[in-house]
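Only one structure is covered here, and it is reproduced in the block below.
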Amino acid sequence: MGQQIDVNHLNIYYGNFLAVEDVNLHIAANKVTAFIGPSGCGKSTVLRSLDRMHEITPGAHVTGEVLLEGKNLYAKDVDPVAVRRDVGMVFQRPNPFPTMSIRQNVLAGVSLNNRKIAKSDADDLVEWALRGANLWNEVKDRLDNPGIGLSGGQQQRLCIARAVAVHPQVLLMDEPCSALDPISTLAVEDLIEELKSDYTIVIVTHNMQQAARVADYTAFFNLKAVGQPGHLEYFADTSTMFNNPQNEEAERYVSGRFG
Ligand SMILES: Nc1ncnc2c1ncn2[C@@H]1O[C@H](COP(=O)(O)OP(=O)(O)OP(=O)(O)O)[C@@H](O)[C@H]1O
């Protein structure tokens with residue numbers, strides 16, 4: 001089962017620059033929540049703060065809380081590496097490890113986490129993760145071939161298999177279809193729909209139709225002006241966001257009359 005996330009009074013800084021201000025947000029377990037909004041409003045920054053990935057930028061820090069099932073991911077005794085085991089990330093461009101086979105790619109996160117597993121268990125895990133990512137039937141006869149030999153859409157599903165292989169509670173996806181053709185996009189969207197029975201999913205997308213298709217809830221981020229911090233302007237269930245938003249800026253944005 002996936003876990004819920006509560007974001008409380010979250011401010012995210014890159015050095016002295018306040019990129020995102022005072023976000024308060026509930027992300028429901030086993031649902032898909034989409035982040036939408038204009039460029040630079042902080043969607044990716046907020047997404048990355050949910051597994052502390054933004055900390056890879058030197059000087060990046062937060063104030064406020066991110067609670068995963070009530071546990072603050074930013075508490076002093078929490079190891080960011082352990083956070084990323086519970087909260088997995090799928091990036092915009094499929095990024096299989098170039099020197100690794102399909103099988104090794106699926107197991108990469110497990111190996112990084114220093115878990116030693118027997119070969120038969122590894123075989124089972126590879127099959128389970130690839131089936132979960134809807135890729136097994138396409139690759140089962142060539143597991144030792146390089147991961148980068150797959151098509152873009154297959155590579156992205158391989159990255160999803162790699163993310164689920166460590167059994168996370170939450171899957172974060174940063175524009176996971178933006179580098180994919182329409183057929184692969186639909187395959188990944190179908191997969192997202194299936195994965196939510198096991199995981200809580202948060203997806204950043206610029207594609208309004210995609211948000212409307214895959215998300216149960218949608219968070220609209222906005223910014224007052226360039227150089228100003230982004231903020232969460234409006235949160236609603238997806239049907240309300242796209243059909244009857246109770247926020248003027250959101251209405252202008254989803255109807256394409258923004259800016
Ligand atoms: N690594 C970084 N170092 C410094 N500033 C950053 C960094 N990443 C993002 N920012 C700044 O933080 C703000 C929010 O950026 P972010 O990428 O989160 O927005 P976004 O809504 O995801 O944008 P887009 O839709 O264009 O991807 C912007 O002002 C951006 O310039």
Side-chain angles (χ1 to χ4, degrees), residues 5 7-25 27 32-66 73-74 80 83-84 87-95 152 156 159 163 170-180 185 188-189 192 201-215 217-236 238 241-242 245 247 249-259:
I5 298 179
V7 177
N8 296 327
H9 297 295
L10 188 70
N11 295 301
I12 312 175
Y13 297 83
Y14 292 107
N16 291 328
F17 174 60
L18 175 60
V20 186
E21 187 169 44
D22 198 27
V23 175
N24 294 282
L25 178 65
I27 296 170
V32 179
T33 300
F35 288 180
I36 62 169
S39 185
C41 65
K43 304 175 295 295
S44 296
T45 295
V46 174
L47 189 80
R48 282 189 249 128
S49 76
L50 303 181
D51 75 346
R52 299 185 57 169
M53 197 65 102
H54 68 294
E55 290 177 1
I56 287 168
T57 303
H61 62 283
V62 307
T63 63
E65 291 181 331
V66 177
L73 301 184
Y74 287 92
V83 171
R84 291 175 206 139
V87 185
M89 176 78 84
V90 175
F91 296 91
Q92 189 166 1
R93 299 211 156 263
N95 58 349
Q156 193 61 307
C159 293
V170 179
L171 272 183
L172 308 177
M173 300 184 163
D174 197 350
E175 298 186 56
C177 302
S178 65
L180 306 185
T185 294
V188 171
E189 287 182 5
I192 290 171
I201 297 177
V202 187
I203 177 173
V204 169
T205 180
H206 280 117
N207 180 329
M208 295 300 107
Q209 286 83 16
Q210 178 164 76
R213 281 193 298 261
V214 303
Y217 297 99
T218 301
F220 170 61
F221 289 85
N222 202 357
L223 79 176
K224 293 192 181 81
V226 175
Q228 294 285 311
H231 62 277
L232 175 61
E233 173 98 28
Y234 181 57
F235 179 89
T238 297
M241 178 67 77
F242 288 98
N247 175 286
E249 294 276 293
E251 203 278 328
R252 274 165 13 96
Y253 186 76
V254 301
S255 62
R257 290 185 287 113
F258 198 86

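Everything quoted here is computed from the prediction, not taken from an experiment. Remember, it's 1-based here, ligands and their atoms both numbered in the order they're listed.
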Q.
With salt bridge (Lys or Arg N to Asp or Glu O under 4.0 Å) as the rule and sequence neighbours excluded, what pairs involving residues 52-62 come up?
A. Arg52-Glu55

Q | Ser49: partners by side-chain hydrogen bond (donor to acceptor under 3.5 Å, both in side chains), with sequence neighbours left out | A | none

Q. Thr57: what forms a side-chain hydrogen bond (donor to acceptor under 3.5 Å, both in side chains) with it, not counting sequence neighbours?
A. none

Q: Determine whether Leu10 and Glu65 make a side-chain contact, defined as any pair of heavy atoms from C-beta on separated by less than 4.5 Å.
A: no

Q) Parallel, tilted or perpendicular: which describes the rings of Tyr74 and His54, with under 30° parallel and over 60° perpendicular? A) tilted

(Q) Less than 4.5 Å apart, side chain to side chain, heavy atoms only: is that true for Phe242 and Thr218? (A) yes

Q | Neighbouring protein residues of ligand 1 - any heavy atom closer than 4.0 Å | A | Tyr14, Phe17, Ala19, Pro38, Ser39, Gly40, Cys41, Gly42, Lys43, Ser44, Thr45, Thr57, His206

